[in-house]
*Asks:* 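Pasting a structure here, questions to come.
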Amino acid sequence: MSPKLNANKFRKPPLGGSPPHYKLAVVYGENNQFSVTSLQVIIFSSAMASVVLLAITSFLMLLLQAASSHDYGVALTKSLLYFEAQRSGRLPSNQRVDWRGNSALTDGKEAGVDLVGGYYDAGDNIKFGFPMAFTVTMLAWSVVEFDKQLQAKNELSNSLEAIKWGTDYFLKAHPEPHVLYGQVGTGASDHECWERPEDMTTPRNVYRIDDDHPGSDLAGETAAAFASASIAFGKSNPEYSKKLIEHANKLFEFAEHSHDQYQNSIPDAGGFYPSSGFEDELVWAAAWIHKATNDKFYLDYIIRSNPGGARGSFSWDDKHVGTQVLIAKELLEGKFSEHKELDQYKNFAEQFICNCIGKGENNWKRTKGGLLWYDAFNNLQYATSSSFIVATYAKSLSITKKTLECPHGMVEHKELVTFVRSQVDYMLGSNPRKMSYMVGFGPKFPQRVHHRGASIVSIKKNATQGTCKGGFEDWGNRDAPNPNVIHGAIVGGPDLDDQFSDDRMNYKQNEAATANTAPLVGVLASLSS
């Protein structure tokens, strides 16, 4: 419930009467519970009036802001729980999402390799390496940027566990320098069935890239995941960190060895996560490896690479903005001053941020309720990633005490934080529908998320195995809410008119994905502090 402010100035009384005074009432509420606070101020002079009213206004603005904010710490905890719900493989003893069970324990067996583990990408039971690697990179970036905030909320260890669940899988998937397994499961057969992962019957085909079947984008993004994770584990697990950066270097060399888009080698992935090119993943990987190692080879690679120009989004497919911001942040901190050719990275990064906050030359669309709008299909994946970009840049501006010069005004870090808060608040329920698009958060959230595991009764409650097609009739197409709440999942979200249909088969709006929630971890950590 948004707060409301009522202020009434009583007319000046006749000569000899009481001095003029103001009476203000603040009405605020959460979960439809209201409180009323009244304040009366006696004004003895015009000078005092201006001072007192300024103080009152400042107090009320803080009160209104506090009343309209959501509990970002709770949302942060739920966002990390979501990754436990997406786990594939043998679950650990400290698994908190108890409706999930072990699954896909023979993945890779047909190819003679152990591919047990990793994450299911969304509401199905496939492991797509390309978006999984982006997910891990964004989780790692969240730790790199906001480790102190995560620690303050007792979520740093859970964040590292979420990263390690992904990197442990990638270590298995990279058994040789020029071999990387990029997918387990087949899209068509998986989507023909509605089965929970614990007893699914669909084929678990494995797909890989190698010298004869290259995939520079897949290898590059996985190298970025390894490198960013190596930084995240640098203090807590230096031996593991060293192992990760070794794999990052080998994968980068593999990505550079034979240039091609990975879907040409793994066609099935192209129907779900097609890459628009591999140049962005290569320079993205180089930026992360340089950040982890300070190896001049990678800095030289960045300098001679295409900075990407002005971009329209930051996502699992297009990483240019991520690289631009990584370089821009280091330039803000006084690094690379002798390399003026890197200034273009900063210029493009700031163009993107200015367009996000509405002070650029080509500002992004917003819904009537204020949410950034990029696409009708899973729009929130772009809103969460853009929010992360703005949040991490706000941190750098704050540390360096610098401002951002946009075409339509100078911007301080506080304005960027306000923008980020507005986007997150919308996602958590401050929107025209009063709907939280984070599952399990707030009094109103999607009940019929497009998710096989969440929509079918837990195997721990009913071990009776369903059938491939029968699952649609028994669970997929029914109107009842999901029996399992997949806490922390960020669904696709509303349309341009802020409308949303909580229909299980409405996968454009009502399917969650790991790439949606991963950027939000760092954003929520920054706001919760």
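The chain is numbered in sequence order, starting from 1.
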*Asks:* Could you go through S276 and D317, starting from their C-alpha distance and side-chain angles, then the distance that decides it, and tell me whether this counts as side-chain hydrogen bond (donor to acceptor under 3.5 Å, both in side chains)?
*Replies:* CA-CA 7 Å; S276 58; D317 177 35; 2.9 Å; yes
*Asks:* Could you walk me through whether Y169 and V136 pass the side-chain contact (heavy atoms from CB on, under 4.5 Å) test, one step at a time?
*Replies:* CA-CA 11 Å; Y169 171 77; V136 171; over 6 Å; no
*Asks:* Treating N431 as the side-chain partner and M435 as the backbone partner, does any N or O pair qualify as donor plus acceptor under 3.5 Å?
*Replies:*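 Yes, N431 side chain to M435 backbone: donor-acceptor pair under 3.5 Å.
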*Asks:* Taking side chain to side chain contact (heavy atoms under 4.5 Å, CB included) as the test, write out the residues that go with A328, two or more places apart.
*Replies:*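 For A328, the residues satisfying side chain to side chain contact (heavy atoms under 4.5 Å, CB included) (neighbours in sequence not counted) are K346, A349, Y393.
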*Asks:* Who are the ring pair (Phe, Tyr, Trp, His ring centres under 6.0 Å) partners of Y345, not counting sequence neighbours?
*Replies:*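 So Y345 forms no ring pair (Phe, Tyr, Trp, His ring centres under 6.0 Å) with any residue.
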*Asks:* For K414, enumerate each residue passing the side chain to side chain contact (heavy atoms under 4.5 Å, CB included) test, keeping only those at least two apart in sequence or located in another chain.
*Replies:*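 Expected list: none.
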*Asks:* Walk me through it: do F83 and T135 pass the test side-chain contact (heavy atoms from CB on, under 4.5 Å)?
*Replies:* CA-CA 10 Å; F83 292 98; T135 293; 3.6 Å; yes
*Asks:* Distance-only check: which donor-acceptor pairs under 3.5 Å involve side-chain atoms of residues 138-152, not counting sequence neighbours?
*Replies:*
residue	atom	partner	partner atom	Å
W141	NE1	E145	OE2	3.4
S142	OG	M138	O	2.9
S142	OG	G522	N	3.0
E145	OE1	K329	NZ	3.2
E145	OE1	T392	OG1	3.2
E145	OE1	K395	NZ	3.4
E145	OE2	K329	NZ	3.2
E145	OE2	T392	OG1	3.3

*Asks:* Does any non-hydrogen side-chain atom of D425 lie less than 4.5 Å from one of H70?
*Replies:*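 H70 vs D425: side chains touch.
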*Asks:* Using ring pair (Phe, Tyr, Trp, His ring centres under 6.0 Å) as the criterion, list what pairs up with H247, not counting sequence neighbours.
*Replies:*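 Ring pair (Phe, Tyr, Trp, His ring centres under 6.0 Å) list for H247, sorted by chain: H174, F226.
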*Asks:* Report yes if some heavy atom in the side chain of L299 is under 4.5 Å from a heavy atom in the side chain of L342; otherwise report no.
*Replies:*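 Side chain of L299 against side chain of L342, heavy atoms only: contact under 4.5 Å found.
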*Asks:* Give a yes or no on this: more than 12 heavy atoms of other residues, nucleotides or ligands lie within 6.0 Å of atom OH of Y382.
*Replies:*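 Buried by this count: over 12 neighbours within 6.0 Å.
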*Asks:* Under 30°, 30 to 60°, or over 60°: which ring-plane class applies to W316 and Y273, parallel, tilted or perpendicular?
*Replies:*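 Aromatic pair W316/Y273 classed perpendicular.
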*Asks:* For A525 and S528, work out which heavy atoms get closest and say how close.
*Replies:*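 Closest approach of A525 to S528, heavy atoms only: O-OG, 3.0 Å.
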*Asks:* Could you label the plane-to-plane angle of the F297 and Y301 rings as parallel, tilted or perpendicular, counting under 30° as parallel and over 60° as perpendicular?
*Replies:*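 The rings of F297 and Y301 sit tilted, inter-plane angle from 30° to 60°.
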*Asks:* Given side-chain contact (heavy atoms from CB on, under 4.5 Å), test L397 with T403 step by step and report yes or no.
*Replies:* CA-CA 6 Å; L397 290 180; T403 57; 5.9 Å; no
*Asks:* Please report the interatomic distance CG(N158) to OG1(T77), rounded to the nearest 0.5 Å.
*Replies:*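 Atom-to-atom, N158:CG and T77:OG1 are 7.5 Å apart.
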*Asks:* Check whether the ring centres of H290 and F336 lie less than 6.0 Å apart, and answer yes or no.
*Replies:*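 Judged by ring-centre distance (under 6.0 Å), H290 and F336 do meet the cut-off.
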*Asks:* Are side-chain N/O atoms of N516 and N378 paired as donor and acceptor at under 3.5 Å?
*Replies:*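 Yes, side-chain donor-acceptor contact under 3.5 Å.
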*Asks:* Which distance, rounded to the nearest 0.5 Å, do you find between the OG1 of T514 and the CZ of F134?
*Replies:*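 Going from the OG1 atom of T514 to the CZ atom of F134 covers 9.5 Å.
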*Asks:* Find out whether I126 and H191 are in side-chain contact, i.e. whether some heavy atom of one side chain is under 4.5 Å from a heavy atom of the other.
*Replies:*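 In contact.
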*Asks:* Is there a donor-acceptor contact under 3.5 Å from the side chain of T517 to the main chain of S79?
*Replies:*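 Looks like no, no N/O pair under 3.5 Å.
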*Asks:* Listing request: all side-chain hydrogen bond (donor to acceptor under 3.5 Å, both in side chains) pairs with a residue in residues 486-495, at least two apart in sequence or in separate chains.
*Replies:*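 Listed once each, the pairs are K78-H487.
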*Asks:* Parallel, tilted or perpendicular for Y119 and W165, by the 30°/60° rule?
*Replies:*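 Ring orientation, 0 to 90° scale: tilted.
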*Asks:* Do K368 and D497 have side chains that get closer than 4.5 Å, going by heavy atoms?
*Replies:*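 Heavy-atom side-chain distance check passes, below 4.5 Å.
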*Asks:* Using the side-chain contact (heavy atoms from CB on, under 4.5 Å) rule, take D124 and Y507 through it: C-alpha gap first, then chi angles, then the decisive distance, then the call.
*Replies:* CA-CA 11 Å; D124 48 37; Y507 53 85; over 6 Å; no
*Asks:* Drop me the distance from H413's NE2 to L404's CG, to the nearest 0.5 angstrom.
*Replies:*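 Answer rounded to 0.5 Å: 13.0 Å.
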*Asks:* Any chance the side chains of D268 and T186 put a donor and an acceptor closer than 3.5 Å?
*Replies:*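 No, because no side-chain N or O of D268 sits under 3.5 Å from a partner of the opposite role on T186.
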*Asks:* Suppose we screen for side chain to side chain contact (heavy atoms under 4.5 Å, CB included). Which residues come up paired with H408, at least two apart in sequence or across chains?
*Replies:*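 Expected list: K359, E361.
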*Asks:* Could you check if a side-chain atom of Q423 sits within less than 4.5 angstrom of a side-chain atom of L371, using non-hydrogen atoms only?
*Replies:*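 In contact.
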*Asks:* In Å and rounded to the nearest 0.5 Å, what is the CD1 to CG distance from I302 to L326?
*Replies:*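 The distance works out to 8.5 Å.
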*Asks:* Might you confirm whether atom CD of E412 has over 12 heavy atoms from other residues, nucleotides or ligands at distances under 6.0 Å?
*Replies:*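 12 or below, so no.
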*Asks:* Decide yes or no for S88 and K127: does some side-chain heavy atom of the first lie under 4.5 Å from some side-chain heavy atom of the second?
*Replies:*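 The answer is yes; the side chains approach within 4.5 Å.
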*Asks:* Heavy atoms only: give me the nearest S275-G277 pair and the separation to one decimal.
*Replies:*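 For S275 and G277, the tightest heavy-atom pair comes out as OG-O, 2.8 Å.
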*Asks:* So, F352 versus F314, ring centres under 6.0 angstrom or not?
*Replies:*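 Here the rings of F314 and F352 have centres that are no less than 6.0 Å from each other.
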*Asks:* Looking at residues at least two apart in the chain, or sitting in another chain, which of them share a side-chain hydrogen bond (donor to acceptor under 3.5 Å, both in side chains) with H339?
*Replies:*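 H339 satisfies side-chain hydrogen bond (donor to acceptor under 3.5 Å, both in side chains) with no residue once adjacent residues are dropped.
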*Asks:* Checking side-chain polar atoms at under 3.5 Å, does N510 have a donor or acceptor matched by the opposite partner on D502?
*Replies:*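 Short answer, yes.
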*Asks:* The test is side-chain hydrogen bond (donor to acceptor under 3.5 Å, both in side chains); show your working for T367 and D498 and say whether it passes.
*Replies:* CA-CA 6 Å; T367 69; D498 300 296; 2.6 Å; yes
*Asks:* State whether a side-chain donor-acceptor pair under 3.5 Å links W194 with S455.
*Replies:*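 Side-chain D/A pair, W194 to S455: present.
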*Asks:* Check whether any side-chain heavy atom of S315 lies under 4.5 Å from a side-chain heavy atom of Y374, and answer yes or no.
*Replies:*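 A side-chain contact under 4.5 Å is absent here.
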*Asks:* How would you list all residue pairs meeting disulfide bond (SG atoms under 2.5 Å apart) that involve residues 304-360, not counting sequence neighbours?
*Replies:*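 For residues 304-360: C354-C406.
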*Asks:* Count the heavy atoms of every other residue, nucleotide or ligand shown that sit under 6.0 Å from CD of E405, and state whether that count exceeds 12.
*Replies:*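 No.
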*Asks:* For F445, give me all partners under ring pair (Phe, Tyr, Trp, His ring centres under 6.0 Å), at least two apart in sequence or on another chain.
*Replies:*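 So F445 forms no ring pair (Phe, Tyr, Trp, His ring centres under 6.0 Å) with any residue.
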*Asks:* Quick one: CD1 on I209 to CG on N264, what's the gap to the nearest 0.5 Å?
*Replies:*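 Going from CD1 on I209 over to CG on N264, the span is 11.5 Å.
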*Asks:* Would you give the length of the straight line joining atom OG of S422 to atom CE of M427, rounded to the nearest 0.5 angstrom?
*Replies:*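 Those atoms lie 8.5 Å apart.
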*Asks:* Give me each pair satisfying salt bridge (Lys or Arg N to Asp or Glu O under 4.0 Å) with a member in residues 217-231, each pair once, sequence neighbours excluded.
*Replies:*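 For residues 217-231, and leaving out neighbouring residues, the salt bridge (Lys or Arg N to Asp or Glu O under 4.0 Å) pairs sorted by first residue read E221-K319.
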*Asks:* Are any non-hydrogen side-chain atoms of N306 and E279 less than 4.5 angstrom apart?
*Replies:*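 The answer is no; the side chains never approach within 4.5 Å.
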*Asks:* List for me each residue that meets side chain to side chain contact (heavy atoms under 4.5 Å, CB included) alongside P197, sequence neighbours excluded, and say none if there are none.
*Replies:*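 Testing P197 for side chain to side chain contact (heavy atoms under 4.5 Å, CB included), a comparison that skips the adjacent residues, returns R100, S103, Y120, N125.
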*Asks:* Working note: N482 + R504, criterion side-chain hydrogen bond (donor to acceptor under 3.5 Å, both in side chains); need CA distance, chi angles, decisive distance, verdict.
*Replies:* CA-CA 9 Å; N482 290 350; R504 193 172 291 107; 2.8 Å; yes
